[in-house]
Amino acid sequence: MKTAFVGKGGSGKTTLSSLFVRHLATLGVPVMAIDADINQHLGPALGLDEAEAVALPAMGDRLPLIKDYLRGTNPRITSAETMIKTTPPGEGSRLLRVSEDNPVYDACARPVELDGGAVRLMVTGPFTDADLGVACYHSKTGAVELCLNHLVDGRDEYVVVDMTAGSDSFASGMFTRFDITFLVAEPTRKGISVYRQYKEYARDYGVELKVVGNKVQGQDDLDFLRAEVGDDLLVTFGHSDWVRAMEKGRPPRFDSLEDTNRRALNLLRTAAESAYERRDRERYTRQMVHFHLKNAQSWGNERTGADLAAQVDPGFVLGESVTASV
């Protein structure tokens with residue numbers, strides 16, 4: 001199941017995505033956590049110290065390796081250099097699976113030990129001084145989008161992505177790569193404005209969007225969220241002594257998380273499982289192709305000197321039964 005956490009900056013989406021990852025780890029299911037935010041805080045939220053977080057390999061720095069591996073023997077892709085962030089898989093492409101070992105994970109993923117077990121963590125990497133004035137952050141998140149395009153995940157396997165803040169997620173087609181998107185919203189006008197913007201942008205793409213209220217302090221906050229988002233409100237989180245200790249770098253064992261917040265995390269998992277049952281693999285593949293063709297026409301063909309529309313395999317549908325190239 002592919003899940004995304006979005007929301008305005010400061011809403012608590014990284015905190016909640018890290019809690020969800022920890023919750024899944026206690027269940028013993030395979031988890032791939034990906035930090036795709038310009039502010040790289042997911043590693044520390046999962047308990048890494050500053051030195052460990054800085055040492056995580058950046059996916060954006062390993063994009064040539066990722067492209068070369070995923071290309072496989074796909075005859076429609078003439079070289080790794082002609083692959084862009086939206087390039088879809090086809091016959092002969094190498095696919096990624098959550099629980100396997102492969103060169104991409106060897107280069108980009110690191111295990112993180114949690115109370116309930118270990119999860120894999122991948123990060124896009126921070127925005128560096130060399131990027132200032134010459135690059136946008138979406139050039140780094142392109143590595144995540146390419147991997148998601150080639151990722152086959154099954155029941156009881158989770159990919160949890162901490163996305164860029166606000167509406168920046170719509171700068172690429174990555175917002176359509178998920179079974180469910182959890183929008184973290186505070187009970188404020190600013191928090192609700194991000195929800196309205198996201199819902200409007202996602203409306204035509206069948207994105208399953210659920211609001212997770214955060215920093216909810218009482219009935220008035222709850223009533224406000226219900227009035228503003230209606231049935232999209234899935235669950236709310238309030239004050240947590242466990243989270244406060246975690247933010248100080250001294251998290252207690254996860255089994256001491258408050259019962260109300262533990263039940264809320266279980267509702268997130270139930271919602272993700274329900275969304276997986278409604279997964280439309282043909283639509284998923286069509287959307288992948290749609291954004292690839294848009295990017296090809298807009299800039300990809302000119303940059304690579306190739307007709308990138310020719311990379312589309314019209315008979316290919318990404319699903320659990322697909323056999324990857326070796």
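In this text the structure is predicted, and so the values were computed from the model without any measurement.
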Residue pair K2 / Y284, side-chain heavy-atom distance below 4.5 Å | yes
Worked check of side-chain hydrogen bond (donor to acceptor under 3.5 Å, both in side chains) between T86 and E145 | CA-CA 7 Å; T86 54; E145 185 169 0; 5.8 Å; no
Neighbour count >12 (heavy atoms, 6.0 Å) for atom CD, E100 | yes
Can any side-chain N or O of S274 pair as donor or acceptor with the backbone N or O of A271 at less than 3.5 Å?
-> no
Smallest heavy-atom separation, G12 atom then N214 atom, equals CA-ND2, 3.7 Å
Can you tell me how far the CD atom of Q287 sits from the CG atom of N149, to the nearest 0.5 Å?
-> 11.0 Å
E258: side-chain hydrogen bond (donor to acceptor under 3.5 Å, both in side chains) partners, not counting sequence neighbours | S240, N261
Could you go step by step and tell me if Y201 and V207 meet the side chain to side chain contact (heavy atoms under 4.5 Å, CB included) rule?
-> CA-CA 10 Å; Y201 287 160; V207 172; over 6 Å; no
Nonpolar side-chain network containing V54, other nodes, edges under 4.5 Å = none
Near-ring test F175/Y205, centroid separation under 6.0 angstrom = yes
What is the minimum heavy-atom distance between L233 and G213, and which atoms define it?
-> CD1-N, 4.0 Å
With sequence neighbours excluded, residues passing salt bridge (charged side-chain N to carboxylate O under 4.0 Å, His left out) with D221 | none
Residues in salt bridge (charged side-chain N to carboxylate O under 4.0 Å, His left out) contact with E81, at least two apart in sequence or another chain | none
Could you tell me whether a side-chain N or O of D313 sits under 3.5 Å from a main-chain N or O of E91, the two making a donor and an acceptor?
-> yes
Smallest heavy-atom separation, P252 atom then A245 atom, equals CD-CB, 3.8 Å
Close side-chain approach of H41 to S18, heavy-atom, < 4.5 Å = no
4.5 Å side-chain heavy-atom contact, V119 and Y158 = no
Partner set under side-chain hydrogen bond (donor to acceptor under 3.5 Å, both in side chains) for T87, not counting sequence neighbours | Q311
Spell out, as yes or no, whether a donor-acceptor pair under 3.5 Å connects the side chain of T141 to the backbone of V144.
-> no
Can you get from V161 to M122 by hopping between Ile, Leu, Val, Met, Phe, Trp and Tyr side chains that sit under 4.5 Å apart?
-> yes
Could you list the donor-acceptor pairs under 3.5 angstrom formed between side-chain atoms of residues 105-118 and any protein atom two or more places apart in sequence or on another chain?
unit_1: Y105; atom_1: OH; unit_2: R97; atom_2: O; d: 3.0
unit_1: R110; atom_1: NH1; unit_2: D106; atom_2: O; d: 3.1
unit_1: D115; atom_1: OD2; unit_2: F254; atom_2: N; d: 2.4

Are any of the side-chain heavy atoms of F316 and R76 separated by less than 4.5 Å?
-> no
Should F237 and V184 count as side-chain neighbours, where that means a heavy-atom distance under 4.5 Å?
-> no
Counting only heavy atoms not in E277, do more than 12 fall under 6.0 Å of its CD?
-> yes
In this structure, OG1 of T304 is separated from CG of D307 (nearest 0.5 Å) by 8.5 Å
The reported gap from CD1 in I34 to OG1 in T124 (rounded to nearest 0.5 angstrom) is 10.0 Å
Between L308 and N301, the two heavy atoms sitting closest are N-OD1, 2.9 Å
Counting only N and O atoms by type, is there a donor-acceptor contact under 3.5 Å from the side chain of S193 to the main-chain atoms of K190?
-> yes
Sidechain-backbone polar pair: T285 side chain, L318 backbone, donor-acceptor under 3.5 Å | yes
Taking side chain as C-beta onward, heavy atoms only, is Y198 less than 4.5 Å from T181?
-> yes
Could you please spell out the steps behind the side chain to side chain contact (heavy atoms under 4.5 Å, CB included) verdict for M83 and I66?
-> CA-CA 10 Å; M83 295 181 74; I66 294 172; over 6 Å; no
Given R262, R269, R263, the one that forms side-chain hydrogen bond (donor to acceptor under 3.5 Å, both in side chains) with N266 = R269
Main-chain N/O of S256 paired to W242 side chain as donor or acceptor, under 3.5 Å = no
T3 and A272 have their tightest heavy-atom pair at CG2-CB, 4.0 Å
Test L16 against L265 for side chain to side chain contact (heavy atoms under 4.5 Å, CB included), laying out the working first.
-> CA-CA 9 Å; L16 292 187; L265 291 171; 5.8 Å; no
Can you list the residues that meet the salt bridge (charged side-chain N to carboxylate O under 4.0 Å, His left out) rule with R120, with sequence neighbours excluded?
-> D101
Which side-chain N or O atoms in residues 19-30 pair as donor and acceptor under 3.5 Å with protein atoms at least two apart or in another chain?
unit_1: R22; atom_1: NH2; unit_2: A45; atom_2: O; d: 3.1
unit_1: T26; atom_1: OG1; unit_2: H23; atom_2: O; d: 2.5

By salt bridge (charged side-chain N to carboxylate O under 4.0 Å, His left out), E282 pairs with (sequence neighbours left out) none
Pairs in or reaching into residues 230-252: which pass salt bridge (Lys or Arg N to Asp or Glu O under 4.0 Å), with residues at least two apart or in two chains?
-> K199-D232
Side chains of C147 and L96: closer than 4.5 Å at any heavy-atom pair?
-> yes
Checking R62 side chain against A58 main chain: does a donor-acceptor pair fall under 3.5 Å?
-> yes
One should read off an interatomic distance between L95 CG and H150 NE2, to the nearest 0.5 angstrom, of 7.0 Å
Contacts of type side-chain hydrogen bond (donor to acceptor under 3.5 Å, both in side chains), residue S99, not counting sequence neighbours | E157
L148 and F178, any side-chain heavy atoms less than 4.5 Å apart | yes
Donor-acceptor pair, side chain of D68 and main chain of P64, under 3.5 angstrom | no
Atom CD of E52: over 12 foreign heavy atoms under 6.0 Å | yes
Just by modelled atom types, is the D162 backbone N or O under 3.5 Å from a matching donor or acceptor in the D37 side chain?
-> no
Sidechain-backbone polar pair: R71 side chain, T78 backbone, donor-acceptor under 3.5 Å = yes
Show the numbers, then the answer: is there a side chain to side chain contact (heavy atoms under 4.5 Å, CB included) between M1 and E273?
-> CA-CA 7 Å; M1 283 158 273; E273 290 176 347; 3.9 Å; yes
L42-L268 co-clustered via ILVMFWY side chain contacts under 4.5 Å = yes
For K215, check side-chain hydrogen bond (donor to acceptor under 3.5 Å, both in side chains) against everything at least two apart and list the hits.
-> E186
Smallest heavy-atom separation, L121 atom then L48 atom, equals CD2-CD1, 4.0 Å
